[in-house]
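Each remark here refers to the structure printed beneath this line.
This one's a predicted model, so the numbers in the text were calculated from it and none came from an experiment. Just so it is clear: chains get the letters A, B, ... in the order the sequence lines come, proteins before strands, and each one is counted from 1.
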2 protein chains.
Amino acid sequence: MYPKFLRMFSLSEENYLKAIYHLEIISNKGISTNAIAEKLETKASSVSDMIKKLSEKEVIIYKKYQGVTLTDFGKKTAANIVRKHRLWEVFLVEKLNFSWDEVHDVAEQLEHIKSPKLIHELDAFLGFPSHDPHGDPIPDNDGNLKVLEKSLLATLSKNESGVCVGVKDSSAEFLQYLDKKGITLGKELTVLEKEDFDDSLSIQIDGKKLSVSNKIATNLYVKK
Amino acid sequence: MYPKFLRMFSLSEENYLKAIYHLEIISNKGISTNAIAEKLETKASSVSDMIKKLSEKEVIIYKKYQGVTLTDFGKKTAANIVRKHRLWEVFLVEKLNFSWDEVHDVAEQLEHIKSPKLIHELDAFLGFPSHDPHGDPIPDNDGNLKVLEKSLLATLSKNESGVCVGVKDSSAEFLQYLDKKGITLGKELTVLEKEDFDDSLSIQIDGKKLSVSNKIATNLYVKK
DNA sequence: ATTTATTTTTAGACAAGACTAAATTTAATT
DNA sequence: AATTAAATTTAGTCTTGTCTAAAAATAAAT
């Protein structure tokens, strides 16, 4: 009923791969069953089942009770899904007037479309973007991504300046907050003051003074 | 694990609805189990099962052994899927350099993406196209489609002219044949001669003379 | 009008992917 | 080191969507 290439990895399998991929970026150790379960909002027993299948398909390395690691093939496969996700996000924002807080759910669907030509052409159509609307890097066709050296706003010292290049938290609430305050990627800002008692900052942006909480400052990336 | 709106109709349910929708256009009687099975390349018993579910969901009317008919809601739902399919086809051809014989499989996947905003914006981005790359009409947001009065090339008389507006067979082989012969939508052609013994035609197109078989002439639509 | 053929439906089985509850293994504590 | 706690796996069940084989209903043909 469905074309063969759709069956290479099922929707579920792709979601597991992507979850493990994202978890590996922050953890550098074997990824635990529970961590995957939490990320996918499913149960540990379901993860345990799926892990066996993915292990048989040789996209992850798995020893009982030891957590999992992506194989090179698994990493490449996962990176390709992330590549698609982020390219679609660029498309939605640049061409279809989506705002950066609206793209996630749709990209979550579009990332599973199977067609090498589609992605190749979409990439060209968008002018080979290097980052998605949240500042996250887009893996290239081989799954490699060049990581921009970026710092959390909270790490800037007084009088230091930086350009907004990404967000750590990309929830709609946070993104809408940033919009409201006029903070968008590419904007330059300068730290005017750092408050010791609550770690809030006073920053200058667009010539205006703005006070931001520590929570904001630890979720916004800048390039010094 | 998946967003709620994805569950309104499953992938399978959507494919059944679409199949029935297409079959109703040609048949105007109740659609038989076997016809659906053939269209979806599945077994009659599977169709029989699914029919019950769709009937409970009130998208089709079903009486045992009597075939099925789409309800208004079912028709609207199916038309919406076809709308998405055809809009994506336009996108692929107009923006991503796909040829008209390459779009089907990808559009078959893209048509299941759930996002009203996505389709609304895509429609606008494409300039509200009325037909897909094969000349098939794109249903509007309410599922209505205005049917262009069109005739098969084979029905033209000697010395009559027409503009290519669509194909009946949209298989890759046929479309590639048309490309090779320089026959594309919008081209004007004139019937120079009709051969009685094999119903082949001699036509004029782009100032050149071309002989086309009856099979071609009964699969190409023109507007007189 | 019977018989035959075709279509459709039912019954029972299976795979994928999820779940609950119970068992097992590893980690943490006393 | 022994016990408790937490994490992981297994066992068994459920749903969706498919299938085969058999039964039932309709249509066709003698």
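Between A/Y16 and C/dA16, a side-chain N or O to OP1/OP2 separation shorter than 4.0 Å is absent. A sub-4.0 Å separation between OP1 or OP2 of C/dA18 and a side-chain N or O of A/S12 is present. For C/dT8, one of the phosphate oxygens OP1 or OP2 lies less than 4.0 angstrom from a side-chain nitrogen or oxygen of B/N34.
The shortest distance between side-chain heavy atoms of B/L87 and B/F128 does not fall below 4.5 Å.
One interatomic measurement links the two molecules: NZ of B/K63 to P of C/dT8, which rounds to 16 Å at whole-angstrom precision. Note: CG (A/L54) to P (C/dA16) measures 13 Å, nearest angstrom. Residue B/M50 contributes atom CE, which lies 8 Å from atom C1' of D/dT16 at whole-angstrom precision. Separating the CD1 atom of B/I51 from the C1' atom of C/dT10 is a distance of 14 Å, rounded to the nearest angstrom. The NZ atom of A/K52 sits 14 Å away from the P atom of C/dA16 (whole-angstrom rounding). Computed from coordinates, the B/E56 CD to D/dT15 C1' distance equals 14 Å when rounded to whole Å. The distance between atom CD of A/E13 and atom C1' of C/dA18, rounded to the nearest whole Å, is 14 Å.
Note on residues 17-38 of chain A: pairs passing salt bridge (Lys or Arg N to Asp or Glu O under 4.0 Å), not counting sequence neighbours, are A/K18-A/E108, A/K18-A/E111. Pairs of residues two or more places apart, or lying in two chains, that qualify as salt bridge (Lys or Arg N to Asp or Glu O under 4.0 Å) and include a residue from residues 81-100 of chain B are B/R83-B/D123, B/R86-B/D132.
For B/N97, the side-chain contact (heavy atoms from CB on, under 4.5 Å) test picks out A/E121, with sequence neighbours left out. Remark: B/S130 pairs with no residue by the side-chain contact (heavy atoms from CB on, under 4.5 Å) rule, at least two apart or across chains. Residues forming a side-chain contact (heavy atoms from CB on, under 4.5 Å) with B/D196 (at least two apart in sequence, or on another chain): none.
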Sugar-phosphate atoms are those with a prime plus P, OP1 and OP2; base atoms are the rest. Using that split, label each nucleotide of nucleotides 19-28 of chain C B, S or - for protein heavy atoms under 4.0 Å, 5' to 3'.
BBB--BSS--
